**Student:** 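First, the structure itself, so that you have it in front of you.
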2 protein chains.
Amino acid sequence: METPNLKMLAQQLKLSISTVSKALRDSHEIGEHTKKKVAALAKKLNYQPNPHASSLRKQKSKTIAVVIPEIANNFFSLAINGIESIAQERDYHVLIYLTHEDYTKEVNIIKHLQGGRVGGLIMSLSLATKKFDHLHELTKHNIPIVFFDRICHEIETAKVTTDDFQGGLAATEHLIINNSKHVAFASISNTISIDNKRMQGYLEAINKHQIKTSNTSIIKCSNNDTNNYNKFKKILSGKKAPDAIFASVEKLAVTIYEVCNDLNIKIPEQLKVICFSNLTTAHLMKPSLSAIKQPAFEMGKEAASILFKHLDKNRTFIPNEHIVIKSSLAARGSTAIK
Amino acid sequence: METPNLKMLAQQLKLSISTVSKALRDSHEIGEHTKKKVAALAKKLNYQPNPHASSLRKQKSKTIAVVIPEIANNFFSLAINGIESIAQERDYHVLIYLTHEDYTKEVNIIKHLQGGRVGGLIMSLSLATKKFDHLHELTKHNIPIVFFDRICHEIETAKVTTDDFQGGLAATEHLIINNSKHVAFASISNTISIDNKRMQGYLEAINKHQIKTSNTSIIKCSNNDTNNYNKFKKILSGKKAPDAIFASVEKLAVTIYEVCNDLNIKIPEQLKVICFSNLTTAHLMKPSLSAIKQPAFEMGKEAASILFKHLDKNRTFIPNEHIVIKSSLAARGSTAIK
DNA sequence: AAAATAGACTACAACGTTTTCGTAAATAAA
DNA sequence: TTTATTTACGAAAACGTTGTAGTCTATTTT
């Protein structure tokens, strides 16, 4: 079946293409009677304007890209949910790109996006990203970026995060108050912003409560589960094993649980565990997992709202702004006093 | 900064636009020397062809849509992961649309897609979808659909699922072999294909092993968690409570766990539970959750491969084909004999 | 030597919109 | 009545590509 276009409508109505176009967009130049007729036929034929022609002509598209490290992750899928909900409301379209925590992939995706496929993007950095030339380049090409969660300080734009410092502080204090004497912090990367902030919060709590630390207090993990497993195993079976760990991200807590299962270490009796997490089944785990829950959905919504607001106004430069949305601590079994 | 286009390259190289275009696409009409020069400048200026112009001219775009009910769900996010991995490989782009299990939203999304924004789509039906006019309409407009998981039999095209019947049979038999006497099936919807297949498997096992059933053996749930909670609560605290439930989908098992926690029903002693699931933390739950694990990632990859194969060849009609990828049963604590 | 062919390039139309500029008729102001 | 102004429409030029149909020179064939 032939997809209807303006020409087809114009012929059937014995009008010019421009009149039809204007009528559909409710221009004041067109009479009410004509508008009605055009709208009726458009509806009948289920006319949908060709988005490529429109984007080409207007030199902008109602499409954004979401560039994130991974999607099989509760935080990011909730964030997409938030982004998509706003996009659907505002008639924007959402392209998904996954970097898989790979710097080269991230660069290639960004390079490609310079072609003008999207009006802007919402992004969370890969763990491997330490240089930001590709991002500077993109903004130079008038494609704005809004960062969320793993933000990039080097780029002047809007950034949406949760209160990572406060969360880190609260998580650590929660462990301390619940009788932990040697609290460790498990970091997923020393480059990304949020990990750092959470560690700052951890350190603040450590200092405030004068908790003793050792050289294993800060456990430097990576994105490699096996390596992390071995590292935790070594530390937890060692002499100076901590009696509590605050894990920067969910996956580290999962690995810690696995190590504890295998080493027969009892949570929370021998080791208390808390982490940033959006697991829907945290309360059903053994033991139930205490967590700082990030407002992932809201963060996505906020990031999208900011971006769309600027795109709607043809503003390709977004001034610095840091939106912080509060997270909440859910105390559960993994940090209980027994 | 000005985004480079063919005209710009042509001017700098003192060549015509068409020469530059052809050189970049490695046409035999262009001499090697010229090709080199063009490629060099294109790289230097980081030229990216304008996708809208290209799509408009070629009347097709290397973009597909993924239309799914939700994303904050391990199965679907893994499937997207699979789709995206193939897309990135083949230089396709992926638009995400969520129906939130809402028929009207699904129809609107599909209607919009008729405009030609995408070359085809990968789709899993919403729970609420019982009519398929919008899908027929879309295929009439030469936009092919590949279904996965929640497939639509009415449309002639490729469909990718797991072996839902076998999975349902295996899950139910697993419960029976582990001494369950009254095995119930929790259904999420009586309209969607997979739920039905799983129930067929359940019924087959029930018949084969001559298990007695009652009017509460098939528990008709919906997408409303609260309603489901109350329904389970009523059944599990009733006289003829089952001693095992095979839940069609993950979220129902989660609700069952919650009900059991609240009613103090011990899993697996008093109630065994198994379900189709892709929870990464199934082994860390209390008790660990036995599950039929769907090959979500592979299903996504397969669906994407089929679609791209046809799009690359400009075939907008995809003949009927049903790809079935095996799922696997992981027996864990929730179905253990105690 | 004339004719055919190959090689390397250019001109131009088209894809479907949007938008600026015209223009004719109808109405209002002078 | 003459001159402005408003109303309602149409013509045509973009937007950046791609592909067809040339064009011109150099080489090969007859």
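Chain letters run A, B, ... following the sequence lines, proteins first, then strands; residues in each count from 1. Excluded from the calculations below are hydrogen atoms, water molecules and symmetry mates; all remaining heavy atoms, backbone and side chain alike, are included. Just so it is clear, the structure is predicted and the values come from calculations on it, not from any experiment.
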**Student:** Look at all strands and tell whether A:Lys22 reaches a base, only sugar-phosphate, or nothing, counting heavy atoms closer than 4.0 Å.
**Tutor:**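 It contacts base atoms.
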
**Student:** In whole angstrom, what separates A:His52's NE2 from C:dG16's P?
**Tutor:**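 My rounded result for the distance is 12 Å.
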
**Student:** What contact category does B:Thr34 fall into here, base, sugar-phosphate, or nothing, at under 4.0 angstrom with non-hydrogen atoms?
**Tutor:**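 Touches sugar-phosphate only.
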
**Student:** Return the value, rounded to whole Å, for the distance between atom CG of A:Asn5 and atom P of C:dT17.
**Tutor:**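 Nearest whole value for this atom pair: 5 Å.
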
**Student:** So does A:Arg25 get a side-chain nitrogen or oxygen closer than 4.0 Å to the phosphate oxygens (OP1/OP2) of C:dT17?
**Tutor:**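 Indeed not, no polar side-chain atom of A:Arg25 lies that close.
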
**Student:** Grab the CZ-P distance between B:Arg117 and C:dG16 for me, whole Å please.
**Tutor:**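 It works out to 16 Å between those atoms.
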
**Student:** Would you call the rings of A:Phe76 and A:Phe148 parallel, tilted or perpendicular, taking 30° and 60° as the class edges?
**Tutor:**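 Perpendicular.
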
**Student:** If you check every side-chain atom of A:Leu15, which of D:dG10, D:dT17, C:dG16 has the closest atom?
**Tutor:**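 For the A:Leu15 side chain, the nearest candidate turns out to be D:dG10.
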
**Student:** Do any side-chain nitrogens or oxygens of A:Tyr47 fall under 4.0 Å of OP1 or OP2 in C:dT17?
**Tutor:**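 Looking at the OP1 and OP2 atoms of C:dT17, one of them is under 4.0 Å from a side-chain N or O of A:Tyr47.
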
**Student:** Within the 4.0 Å heavy-atom criterion, would you say B:Thr19 contacts the bases, only the backbone, or no part of the nucleic acid?
**Tutor:**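 Base contact - B:Thr19 has a heavy atom under 4.0 Å of at least one base atom.
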
**Student:** Return whichever of A:Glu29 or B:Ala53 has its heavy-atom-nearest nucleotide of DNA chain D closer to the 5' end.
**Tutor:**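 The residue closer to the strand's 5' end, by nearest nucleotide, is A:Glu29.
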
**Student:** Just the rounded figure in Å: distance from P of C:dC12 to CG of B:Leu6.
**Tutor:**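 Taking CG of B:Leu6 and P of C:dC12, I get 17 Å after rounding.
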
**Student:** Quick check: on DNA chain C, is the nucleotide nearest A:Pro49 upstream (toward 5') of the one nearest B:Ile30, or the reverse? Name the residue that is more 5'.
**Tutor:**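 The answer here is B:Ile30.
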
**Student:** In terms of side-chain geometry, is the basic nitrogen of B:Arg150 or B:Glu101 positioned less than 4.0 Å from the acidic oxygen of its partner?
**Tutor:**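 Here B:Arg150 pairs with B:Glu101 in a salt bridge, since their nearest N and O are under 4.0 Å apart.
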
**Student:** Choosing from D:dG16, D:dC9, C:dT10, which nucleotide comes nearest the side chain of B:Ser16?
**Tutor:**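 Per side-chain heavy atoms of B:Ser16, the pick is C:dT10.
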
**Student:** How is A:Ser54 classified with respect to the nucleic acid when contacts are heavy atoms under 4.0 Å: base, sugar-phosphate, or nothing?
**Tutor:**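 Sugar-phosphate contact only - A:Ser54 comes under 4.0 Å of backbone atoms but never of a base.
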
**Student:** Before we go on, tell me: are the rings of B:Tyr97 and A:His93 under 6.0 Å apart, centre to centre?
**Tutor:**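 Here the rings of A:His93 and B:Tyr97 have centres that are less than 6.0 Å from each other.
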
**Student:** May I ask you to say whether A:Lys301 pairs ionically with A:Glu298, meaning some side-chain N is under 4.0 Å from a carboxylate O?
**Tutor:**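 Looking at A:Lys301 and A:Glu298, the cut-off is not met.
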
**Student:** Can you check the A:Lys36 NZ to D:dA8 C1' distance for me, whole Å?
**Tutor:**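 Value for this atom pair: 16 Å.
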
**Student:** In whole angstrom, give the distance that lies between atom NZ of A:Lys7 and atom P of C:dT17.
**Tutor:**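 In whole Å, C:dT17 P lies 11 Å from A:Lys7 NZ.
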
**Student:** Return the value, rounded to whole Å, for the distance between atom CG of A:Leu24 and atom C1' of C:dT17.
**Tutor:**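 Value for this atom pair: 11 Å.
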
**Student:** Hey, which of B:Ile96, B:Leu98, B:Leu125, B:Leu113 is the one that makes side-chain contact (heavy atoms from CB on, under 4.5 Å) with B:Val67?
**Tutor:**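 Output: one option passes, namely B:Leu113.
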
**Student:** Atom NE2 of B:His28 and atom C1' of C:dG7: how far apart are they, to the nearest Å?
**Tutor:**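 Interatomic distance, NE2 of B:His28 to C1' of C:dG7: 10 Å.
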
**Student:** State which of D:dC9, D:dG19, D:dG16 makes the closest approach to the side chain of A:Gln59.
**Tutor:**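 Per side-chain heavy atoms of A:Gln59, the pick is D:dG16.
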
**Student:** Quick check on DNA chain C: between B:Glu32 and B:Leu56, whose nearest nucleotide comes earlier from the 5' end?
**Tutor:**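 This one resolves to B:Glu32.
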
